[in-house]
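Please see the structure below; I have some questions.
Note on naming: letters A, B, ... go to the chains in the order of the sequence lines (proteins, then strands), and numbering restarts at 1 for each one.
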Number of protein chains: 2
Amino acid sequence: MDTTQWPLTYRRDCPSRTVVEVLADKWTLYVLAALRRQEGPMRFNELRRALDGITQKMLTRTLRALERDGLVSRTVYPTVPPRVEYALTGLGAEAGKLTTAIAEWSAAHVPEILATRAEFDARAAAAPRPVT
Amino acid sequence: MDTTQWPLTYRRDCPSRTVVEVLADKWTLYVLAALRRQEGPMRFNELRRALDGITQKMLTRTLRALERDGLVSRTVYPTVPPRVEYALTGLGAEAGKLTTAIAEWSAAHVPEILATRAEFDARAAAAPRPVT
DNA sequence: CTGCATCCAGCTTGATACTG
DNA sequence: CAGTATCAAGCTGGATGCAG
């Protein structure tokens, strides 16, 4: 398979894929959106409460990945009990703008999409795969 | 847990989450980007060739999900051999604009992010979790 | 409070073979 | 060409317990 003519993005070994794979994640999207909305640092449990349904494990993992890529900063205050704050970096704020756009677009088109989806499912239930 | 004060997006049962979960997917992102780039319909195997590394199964599944939500249209030409074309709908074009933005942003910041990532990994290897 | 470690069920994915 | 079917494997994510 000759891939030399393609845009880098579509190539299996393009490094940008590793970045996309971090961003193209449900929890990443919501974490960035929440931090962006807050317009300031948030504590671990504050984020957890904000993102209904996320487990401690997934929040930890997601934040770690974002920290690793420099999208989120992690600041530890050596107090008792410990206080850890997460904030968007400049890079994270940019990425957050993009993920927020997706969240907002999704929310805006929910009725439309849900209707289409229901119709599709109804057709699928009626006929196994109507051609055209 | 009282979630009544939160933006809908962050609630576990918000329907927009089901939409986000379709978009926040690696292959969805690339499929939309490829169709958008093409500026016209693409055949199944054409898409497959364009997206290095995708399996037939995942491409089928991804296209089906996009079709279900009305982001992509599927047209079957009853010829032999069959010819099936996929194209963005108006809605899909909008979504594609957003996912393309993510792909491009990722590509643009790869050097920066890869460097940050390497540094993070180096630190992690050196010290188990340096506070601050 | 902020996590890490572990166990484990189940969904996702890849590989492969087959069909209209 | 454009899929469907199947099976195994691997990763994801949830639950729980514990620690600094």
> Of the candidate nucleotides dT2(C), dC1(D), dG14(C), which contains the atom at the shortest distance from the side chain of K57(B)?
Replying inline: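 So the nucleotide nearest the side chain must be dG14(C).
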
>> So if I take every side-chain heavy atom of R74(B) and compare against dG3(D), dC1(D), dT2(C), which nucleotide ends up nearest?
In response: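 The listed nucleotide nearest to R74(B)'s side chain is dG3(D).
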
> Which one, dA15(C), dC1(D), dT2(C), comes nearest to the side chain of T55(B)?
Replying inline: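 Shortest atom-to-atom distance from the side chain points to dA15(C).
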
> So, E21(A) and K26(B), do they make that salt bridge, N to O below 4.0 Å?
Replying inline: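 A salt bridge is present here (some side-chain N lies under 4.0 Å from a carboxylate O).
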
> Is any side-chain N or O of Y86(A) closer than 4.0 Å to OP1 or OP2 of dC1(C)?
Replying inline: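 Checking dC1(C) against Y86(A), no side-chain N or O comes under 4.0 Å of OP1 or OP2.
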
>> Heavy atoms from C-beta onward define the side chain here; which of dT12(C), dG14(C), dC1(C) lies closest to that of R61(B)?
In response: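 Of the candidates, dT12(C) comes closest.
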
> Just checking, is any N or O donor in the side chain of R117(B) or T18(A) under 3.5 Å from an acceptor N or O on the other one?
Replying inline: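 Side chains of R117(B) and T18(A): pair found under 3.5 Å.
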
>> Side chain of T60(A), heavy atoms from C-beta onward: which of dC1(C), dG3(C), dT12(D) has the nearest atom to it?
In response: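 Selected nucleotide: dG3(C).
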
> In whole angstrom, what separates L47(A)'s CG from dC1(C)'s P?
Replying inline: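 After rounding, the reported distance stands at 14 Å.
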
>> Without decimals, in angstroms, what is the distance between N45(A) CG and dC1(C) C1'?
In response: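 After rounding, the gap between these two atoms is 6 Å.
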
>> Whole angstroms only, please: what is the CD-C1' distance between E46(B) and dC1(D)?
In response: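 After rounding, the gap between these two atoms is 13 Å.
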
> Of all the choices, dC1(D), dT2(C), dA5(C), which nucleotide is nearest to the side chain of Q56(A) once you look at every atom?
Replying inline: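 Selected nucleotide: dA5(C).
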
> What is the distance from CH2 of W27(B) to P of dT13(C), rounded to the nearest Å?
Replying inline: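 Spelled out: CH2 on W27(B) to P on dT13(C) is 10 Å.
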
> Would E67(A) and R64(A) pass as an ion pair if we require N to O under 4.0 Å?
Replying inline: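 Looking at R64(A) together with E67(A), the answer is yes, because their closest N to O distance falls below 4.0 Å.
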
> How close or far is atom P of dC1(C) from atom CZ of R83(A), stated in whole angstroms?
Replying inline: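 Computing the R83(A):CZ to dC1(C):P distance gives 12 Å.
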
>> What is the separation between atom CZ on R48(A) and atom P on dC1(C), rounded to the nearest whole Å?
In response: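 Interatomic distance, CZ of R48(A) to P of dC1(C): 9 Å.
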
>> Rounded to whole Å, how long is the line connecting atom CG of L63(B) with atom P of dG3(D)?
In response: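 In whole Å, dG3(D) P lies 8 Å from L63(B) CG.
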
>> Between P on dT12(C) and CD on E21(B), what's the gap in Å once rounded to a whole number?
In response: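 To the nearest whole Å, that distance equals 10 Å.
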
>> When you measure from the side chain of T99(B) to the backbone of G96(B), do you find a donor-acceptor pair of N or O atoms at a distance under 3.5 Å?
In response: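 Judged by distance alone, yes, a pair lies under 3.5 Å.
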
> Judged by atom type as modelled, is there a donor-acceptor pair below 3.5 Å linking the side chain of T116(A) to the main-chain atoms of G70(B)?
Replying inline: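 Looks like no, no N/O pair under 3.5 Å.
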
> Between dG3(D), dT2(C), dG20(C), which one does the side chain of P82(B) approach most closely?
Replying inline: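 Of dG3(D), dT2(C), dG20(C), dG20(C) is nearest to the side chain of P82(B).
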
>> If the cut-off is 4.0 Å, is R43(B) near the phosphate of dC1(D), judged by side-chain N/O to OP1 or OP2?
In response: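 For dC1(D), neither OP1 nor OP2 has a side-chain N or O of R43(B) closer than 4.0 Å.
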
> So which nucleotide from dT4(D), dA2(D), dG3(C) ends up closest to the side chain of R64(B)?
Replying inline: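 Among the listed nucleotides, the one closest to the side chain of R64(B) is dT4(D).
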
